[in-house]
Amino acid sequence: MREILHSIIARAAREVVSVNGPDRLPEFELVLPALLLSMQQDLSPRPQHIEGRPGLAIADVSQPNDRTALTVFIVAELAQAALLANRDDPEALERAARNLIWFVPELGLIECAKSAVRAAVGTSL
Amino acid sequence: MNEIGSLGLRPFGDVYLANEASMETIASAITEVSTSFGFESEQSADPSTIRVTGAQSAAWHRIVRKALPQRLEWELWTSGSHAFLRFDRPSVPWYRVFSVVACIMSAVWLWVACVAGVSAGGWLIAVAGLNVLAAFGLLTLAARWCLAGGQGVVDRLWDQLHDRLAGRGIQLDHRPELSRSRLQRTGRRLLAFILAEAGLLVVAMTWLSSSSIRRAPSWLLVALLLFILIVVVLGWVLVRGTRKPGFEQRTRLVLPGICGLFFMMFLVAGQLPAHLLTRYPADAWDSLFSARDMLDRAPATASTITTPSRRVVAVAELRGMLTTMKVILAMPIVIIPIGAAMGALACIPTLRLLDVLLRHSGRLSTAAHLATVRSTVSGRGFMGRFRASLFLCWFGASALVFWGFTQLAISAARSTGVLNPTSSTSDVAGAVAHALRFVFDLAPYNLAAEVVARWFWCAWAWMVFTLLGLSCGTWLARRLATRRELEELLASALPGATRAIEVATSVISATGQRNPHIVVKPDSFPRAASFEFGLLRRSQYILVSDSCLGLLTPEELAAVIAHEWSHLVLGHCRKHNILQVLGRLTFVGDSFTNAIEQSFRYELEADRCAVDRFGVPKQTIRNCLLKLRAVATLQRLRHSLPATTGAGLAMSQPGSSATPRSRRGPRWTALDSIRLWVQLYTGDTMAAYWHPAVDERIQRLC
């Protein structure tokens, strides 16, 4: 199941990036394995002590702003919704997209991701 | 294409997103509600948009009296499967002219009243004071007219609309990132107007005031003027910054500092009136007390009194003069607690605004235009000017406040008899004691007044030094706690630590320097940081989260460790620590010092050092930065989403626990203000910290 999900995410996200920012494709290919790996991790509690006083941290973790990661996140959420509820609830993808916009104000990106995920799920199942 | 541009927004209006694309239902609810609030509603529609306008039906005098909104505009349109609603309330031309004239009139009145009060004497001061109060009243009214909130009419209208729509299964979510509020613009202009007027008034009053103020200690006057300058400059930066993207991030940097400056201002302002009292010569005090005695000894029926210098003075005139003096001398005594309270209260609205902005920018952290925001904030031009101006103001003001502390300490020591046991009106506590005796009709050598004044002044001095001890003590406690945590992590030797140590050793052995301790911490956020403790025997640590070990190749991990080691080699951690101690000593806190710190330059220097000194390929640093940014963004998004799986998101409905926020924010309490201030002061929040954008770092490096 996880392999299918990762394959759908990779295919759909690649499609979205190639439509919205083809110049970001090399960067996308570089970070995609790390993002897929990162999605398997459990979320640890929010930073408490040392992170509150971060010294001189290497990555800009205080305000991360990566559009490629945002694309993969949206695609992953939609893909999971579509995969988990595909047979029982055909409207799940539509509903997930509608609810996602409450958190991520990216109408164009979500619409694009929705059609890419629909196409990727259709060919995978 | 830009999301905001694609929506075809008009210049002004608050934009709401509806969970259902049912424009007709929303439009009918709007018409019903606005009619019930006395607006004559009119609806027009074209294929893609529905417009509802409401014209105020109340008479003009009622509009003015209650500051009612004159016109409501609603526009509904759809985009994809979503409905958008734009709401605006423009003023009619006559009302706009009226509110501007009211503002100008209040400004002129306030000026005239203040200047007349300063140049007047005797009972005229009281009349001028009343005038000043009246002018402030008009200013408040003018602000109300400008905002045209109609005593909460619009809020109540929105409440009813939300309730009515909720009954039909529709929820509206305010989208600040798509809105351009007319009200906010008015508020900003009003703030600028009040700031400018207050600054000019204080400067004018300082120069036009009586000779006793002119003879005040020069360092206090300079400090006061400097603080006013800082507040005006920061206010100007704030107002000007609202027009550009990146306003929220800039405000994060500025507002905590303003709170610290308010606090310092209250320390200085509390001392100023008491210092002014020491400028009264000793013979002036004697004359006041002897005049009071003469009046007490005079028969009740006497209309005139003969003074020791054989001058004949009318009793009524002498009584009037003494009462005026009592009022004047009571002012410094009253101003000290008022100044303290004002200084503390001034922080609360500042913090409240900061909280709103932080929550707002929390939403923006996932928005499309964040990249623009980041590049604006971390741009060299802005940060260079910003840091330079803050640095100058901060150190100038701090030097003056420290001089004040020294004066205060000497005064306190004198009060307790350490330096000079003799009582005198030339020291602050002695002068305050004389003022107390005169105002409360006590004997010229009343001991209780002396004790109260001296103990008050001692308590004041001790309060300052206690706060200073707390400020520095908490910093030290935090440092010790951080070090203890690092030591514990080091002792626990988490899986992967060996690999990190091997990589670090291979990197550091190239330099032939002493190895720092490598600490691995379990954390889903990929991060690395360097720490340095101790003055003589330095202990250095490099912290790496275990998620970094899994995500990065050995070469990329070596690049991370080389970057962090560069910070230690270049002395960035030491400078960071010194600046934080200075910030704690001057009560501005960690967030402010982080804002003026050269962390932008530090990162670029460390990147360059990793390449030049440790031989890390540029491409490896680039790949490493891109990976860390992407994973950090993903983790941040996963943390911000209540339902973290697709299935959970698909099942959740707007209005359930997954809805990001209610239409009203949580109630803000004074305790929240204090908590937020402490977080910012101790740097215990990410809001107080930033790095240059990854794109810019890569661009500079490659």
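Values reported hereafter were calculated over all heavy atoms of this structure, with side chains retained and with hydrogens, waters and symmetry mates removed. In what follows, chains carry the letters A, B, and so on, assigned in the order in which the sequence lines appear, proteins first and then strands, with residues in each chain numbered from 1.
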(request) Heavy atoms only: give me the nearest A:Ala69-B:Ala630 pair and the separation to one decimal. (result) CB-O, 3.2 Å

(request) Please report the shortest heavy-atom distance between B:Asn623 and A:Leu30, naming the atom on each side. (result) OD1-CD2, 3.5 Å

(request) List the atom of A:Leu37, the atom of B:Leu551, and the distance in Å for their closest heavy-atom pair. (result) CD2-CD2, 3.8 Å

(request) Using a strict cut-off of less than 4.0 Å between a Lys/Arg side-chain nitrogen and an Asp/Glu carboxylate oxygen, indicate whether A:Glu27 and B:Arg629 qualify as a salt bridge. (result) yes

(message) Rounded at 0.5 Å granularity, tell me how far OG1 in A:Thr71 sits from CG in B:Leu634.
(response) 11.0 Å

